[in-house]
Number of protein chains: 2
Amino acid sequence: MPAKARIIPLKPPRDPAATKIRVLDAAEALFMEHGYEATSLRAITAAAEANLAAVNYHFGSKEELFQAVLTRRLDPMNQARVELLTRLEAGAGSRPLSCERILMALLIPALKLARDPERGGKDFLRLLGRAYADPAPFIRRFLSEQYAVMIARFKAAFARALPKLPRKELSWRLHFIMGALSYTLAGTDALKLIAELNPHESTNDEILLRRLAPFLLAGLEAPLPDLSAVTRDLDGELGRTA
Amino acid sequence: MPAKARIIPLKPPRDPAATKIRVLDAAEALFMEHGYEATSLRAITAAAEANLAAVNYHFGSKEELFQAVLTRRLDPMNQARVELLTRLEAGAGSRPLSCERILMALLIPALKLARDPERGGKDFLRLLGRAYADPAPFIRRFLSEQYAVMIARFKAAFARALPKLPRKELSWRLHFIMGALSYTLAGTDALKLIAELNPHESTNDEILLRRLAPFLLAGLEAPLPDLSAVTRDLDGELGRTA
DNA sequence: CTTGCATTCAAACGTTTGTTTGAAGCCTAC
DNA sequence: GTAGGCTTCAAACAAACGTTTGAATGCAAG
């Protein structure tokens with residue numbers, strides 16, 4: 001191949017995929033505000049100052065656009081979680097990592113994403129929390145694929161930190177943790193639904209996670225449920241109720 | 001007014017609001033399966049074997065139908081929660097109620113609803129969990145109104161049981177609890193998302209709540225977050241990350 | 001200049017949406 | 001029987017939906 005005098009193009013690549021990014025940004029904002037079904041491609045392309053056909057041209061379909069919106073932030077976040085966990089484990093040497101630190105590896109990347117001044121950030125986590133509850137098959141399939149390796153990785157880490165906790169119990173508690181986390185992050189006005197919190201720090205996700213972490217940590221390390229005893233008590237109340 | 005010989009109608013009232021109930025049932029099932037936006041009135045009326053116009057005739061609009069679907073189960077459940085709490089408090093006399101019992105008053109009516117063999121039941125709780133994450137203004141407005149008194153009532157009860165816990169912290173923890181609860185109940189295939197749980201008991205909501213209760217209880221009684229200490233540790237990891 | 005490729009655009013595609021309409025049906029009460 | 005109020009029905013409404021099309025446009029290489 002002759003060494004062609006490859007002159008550096010004076011013109012910068014103009015706007016490679018500029019409209020593609022504009023569409024992604026607009027879609028992210030609108031999906032988060034109204035949800036997937038309630039957001040039309042016309043609204044998205046209008047907000048992005050792009051042509052209606054741009055979505056189908058660049059992404060193929062509305063579903064693929066939604067997946068692209070999620071992947072853009074979700075993939076790096078989950079990757080950061082695994083990387084942080086790996087780093088912490090390496091730092092701990094042969095000693096098992098504490099639950100608290102494992103939990104931090106799970107929460108900190110989410111916090112960093114929420115803090116990201118770049119467009120999206122906090123709003124994206126709301127979108128994510130909402131996607132968690134979406135019954136659309138393609139969304140569920142996509143999310144379970146995105147989360148599979150990350151969850152498995154953390155489950156193994158927690159299992160080492162909590163050797164006495166049965167695996168099944170751990171699976172449930174991890175499920176509860178993801179639930180409280182995604183629900184909390186998804187909270188639109190849900191916060192006001194529960195209580196009037198001081199408005200000044202309501203947008204401060206760092207404080208939120210610092211409150212959430214001890215809550216989850218305590219739940220994770222809770223004593224095993226004494227099923228029979230709890231059941232008897234519970235049924236007693238149920239009997240009086242029924 | 002002359003005492004008219006009011007003969008007991010031989011014919012039973014035929015079908016008073018029969019189609020109305022059929023529409024409610026069909027709407028509940030379809031809303032739960034596909035979500036609010038993705039469910040069309042045509043699909044609902046077809047499943048209910050009713051005319052398309054029946055929805056607008058009986059309920060006024062699709063939004064009002066959705067609220068009717070939620071109210072039918074939600075209202076009795078929240079009422080049962082408050083009544084059970086009141087009964088437990090009365091039984092405890094002057095002594096403050098334990099956190100565990102207050103928590104049970106919150107969970108048991110949800111469990112009973114999930115157990116209800118009547119159409120709906122478990123499926124409805126999934127619909128409810130999903131509605132929690134829906135950004136539609138009329139849904140959020142409706143839910144916050146439905147929950148306001150119940151939440152306030154339980155917050156006061158928890159405040160008595162946990163006098164040392166600052167009110168703001170309690171508000172957050174109640175929020176986390178409602179999050180884990182609604183997310184867990186909303187779990188469609190979300191369970192499979194986290195872990196492969198044994199398929200036999202996966203539909204047993206009673207076991208689910210017996211696992212959830214200790215988790216939430218521990219979180220509720222968790223030590224106060226040592227904000228400064230946690231922060232320093234957290235920022236240390238963040239520093240290494242960034 | 002011309003060719004070729006990637007992108008943008010306006011317009012239209014065929015469905016599907018929630019809602020409305022006015023007539024038909026049914027049962028009760030007079 | 002006949003009037004009158006609910007309820008049901010088929011049909012149509014305008015609007016909005018996601019997607020497709022084919023021509024125009026801009027830019028780089030031959």
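Below, chains carry the letters A, B, ... as their sequence lines are ordered, and counting in each starts from 1.
If you take NE2 of A:His58 and P of D:dT20, they are 15 Å apart, rounded to a whole angstrom. Put simply, CG on B:Leu52 is 12 Å from C1' on D:dT8, counting in whole angstrom units. Here C:dT7 presents its P atom at 13 Å from CD1 of A:Ile21, a figure rounded to the nearest Å. If you measure from atom CZ of A:Phe59 to atom C1' of C:dT7, you get 14 Å, rounded to the nearest angstrom. For the pair B:Glu37 CD and C:dG18 P, the computed distance is 9 Å after rounding to whole Å. Here D:dT19 presents its C1' atom at 12 Å from CD of A:Glu64, a figure rounded to the nearest Å. The separation between B:Asn51 atom CG and D:dC9 atom P is 6 Å, rounded to whole Å. One interatomic measurement links the two molecules: OH of A:Tyr57 to P of C:dA11, which rounds to 21 Å at whole-angstrom precision.
A distance of 6.0 Å or more separates the ring centres of B:Tyr183 and B:Phe176. Proximity of the aromatic rings of A:Phe138 and A:Tyr36 is defined here by a centroid distance below 6.0 angstrom, and this criterion is met. A ring-centre distance under 6.0 Å is not found for A:Phe31 and A:Phe124.
Nucleic acid contact for B:Thr39: sugar-phosphate only, since backbone atoms but no base atoms lie under 4.0 Å from a heavy atom of the residue. B:Ala54 comes within contact range of no nucleotide atom at all, as no heavy-atom separation falls under 4.0 Å.
When distances are taken from the side chain of A:Thr19 to each of C:dT8, D:dC17, D:dT8, the shortest belongs to C:dT8. Checked against D:dT8, D:dT20, C:dT7, the side chain of A:Asn56 finds its nearest nucleotide in D:dT20. Distances were taken from every side-chain heavy atom of A:Ala53 (C-beta onward) to each of D:dT20, D:dG18, C:dT19; the shortest belongs to D:dT20.
B:Ser61 and B:Glu64 share a side-chain donor-acceptor pair at under 3.5 Å.
Using a distance-only test at 3.5 Å, with no hydrogens or angles considered, no donor-acceptor pair links the side chain of B:Arg81 to the main chain of B:Ala105.
The shortest distance between the side-chain N/O atoms of B:Ser40 and the OP1/OP2 oxygens of C:dT16 is not below 4.0 Å.
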